[in-house]
Amino acid sequence: MDQNCIFCKIANKEIPGKIVYEDDVCMAFLDLSQVTDGHTLVIPKKHYASILEVDDDVLMHMSVVAKNLANKIVEKMGAKGCNILSNANEVAGQTVHHFHIHIIPRYEENEGIKIHFTDRSKDVNLEAIYKKIMD
């Protein structure tokens, strides 16, 4: 546990949260920001800074929990889909350094979150990138 971590404090019930799921490994609660209605965070009870550090068994367990919760949230909230994502480090948008998975229900395409993938295929050398990763 990190004494300064807000998610550790929620996991230890030092700070209240709208908990929608809990087991021995992880818990899920409604995000205060509510990017869309039903925006939920799944966190491990043990502190890991990001997905880059989390234990593999914990990650696998949390993935199943996130999938099951996402299906429930989409159904119960009448969403048309959802984004399931995790940010690692500030450059990727991580603001709380306790690994968490976002479940963001989607109702319309023009909501509070926009994920846009730009096609850079003409500007990159895939072979060079491949070699760098594989070396």
Do the side chains of Ile51 and Val65 join up, straight or via other hydrophobic residues, at under 4.5 Å, putting them in one cluster?
-> yes
Mind checking whether Val35 and Asp31 have side chains closer than 4.5 Å, heavy atoms only?
-> no
How long is the gap from CD1 on Ile43 to CD1 on Ile10, to the nearest 0.5 Å?
-> 6.0 Å
What one should report as the nearest heavy-atom pair of Cys82 and Val74 is CB-CG2, 3.9 Å
If Ile, Leu, Val, Met, Phe, Trp and Tyr residues are connected whenever their side-chain heavy atoms lie under 4.5 Å apart, and connections chain through other members, are Leu30 and Ile103 in the same group?
-> yes
State, to 0.1 Å, how close His97 and His47 come at their nearest heavy-atom pair, and which atoms those are.
-> O-CE1, 3.0 Å
Donor-acceptor side-chain pairing of Gln94 and His100 below 3.5 angstrom = no
Does some side-chain heavy atom of His98 sit less than 4.5 Å from a side-chain heavy atom of Pro44?
-> yes
Under a single-linkage definition using a 4.5 Å side-chain heavy-atom cutoff for Ile, Leu, Val, Met, Phe, Trp and Tyr, are Phe117 and Val91 assigned to the same hydrophobic cluster?
-> no
Write out all pairs satisfying side chain to side chain donor-acceptor pair (under 3.5 Å) with one or both partners inside residues 52-77, taking only residues at least two apart or from two chains.
-> Asp23-His61
In short, Thr36 meets Pro105 closest at the heavy-atom pair OG1-O, 2.5 Å
Are Leu69 and Val25 connected, step by step, through hydrophobic side chains (Ile, Leu, Val, Met, Phe, Trp, Tyr) whose heavy atoms are closer than 4.5 Å?
-> yes
Side chains of Phe29 and Val20: closer than 4.5 Å at any heavy-atom pair?
-> no
Just do the salt bridge (Lys or Arg N to Asp or Glu O under 4.0 Å) check on Lys13 and Glu22 with the steps written out, would you?
-> CA-CA 12 Å; Lys13 311 257 174 81; Glu22 183 173 9; 3.0 Å; yes
Decide yes or no for Ile73 and Thr40: does some side-chain heavy atom of the first lie under 4.5 Å from some side-chain heavy atom of the second?
-> yes
Near Ile129 CD1, under 6.0 Å, is it more than 12 heavy atoms from other residues, nucleotides or ligands?
-> yes
When every non-hydrogen atom of Ile84 is compared with those of Ala70, the smallest separation belongs to CD1-CB, 3.7 Å
Closest heavy-atom pair, Val54 versus Val58, reported as atoms and distance to 0.1 Å, is CG2-CG1, 3.8 Å
Over all atoms of both residues, closest heavy-atom pair of Ile19 and Met27 = CD1-CE, 3.5 Å
Worked check of side chain to side chain contact (heavy atoms under 4.5 Å, CB included) between Met77 and Asp37 | CA-CA 8 Å; Met77 295 299 295; Asp37 289 355; 3.7 Å; yes
State the CE-CD distance between Met134 and Glu127, to the nearest 0.5 angstrom.
-> 11.0 Å
Check whether any side-chain heavy atom of Lys18 lies under 4.5 Å from a side-chain heavy atom of Leu32, and answer yes or no.
-> no
Give a yes or no on whether the backbone of Cys26 and the side-chain of Tyr21 come within a donor-acceptor separation of less than 3.5 Å.
-> no
Side-chain (Asp119) to main-chain (Ser121) donor-acceptor, under 3.5 angstrom = yes
Would you say the side chain of Gln34 lies within less than 4.5 Å of the side chain of His39, judging by non-hydrogen atoms?
-> yes
At what distance, to the nearest 0.5 angstrom, does CG of Leu41 lie from OG of Ser33?
-> 7.0 Å
Which value, rounded to the nearest 0.5 Å, describes the distance between Ile6 atom CD1 and Asn4 atom CG?
-> 11.5 Å
Taking atom NZ of Lys9 as the centre, does the number of heavy atoms from other residues, nucleotides or ligands within less than 6.0 Å exceed 12?
-> yes
In terms of hydrophobic clusters joined by side-chain contacts under 4.5 Å, are Met62 and Leu52 together?
-> yes
Does the ring-ring contact (aromatic ring centres under 6.0 Å, His included) test come out yes or no for Phe7 and Tyr48, once each step is laid out?
-> CA-CA 10 Å; Phe7 288 175; Tyr48 300 95; over 10 Å; no
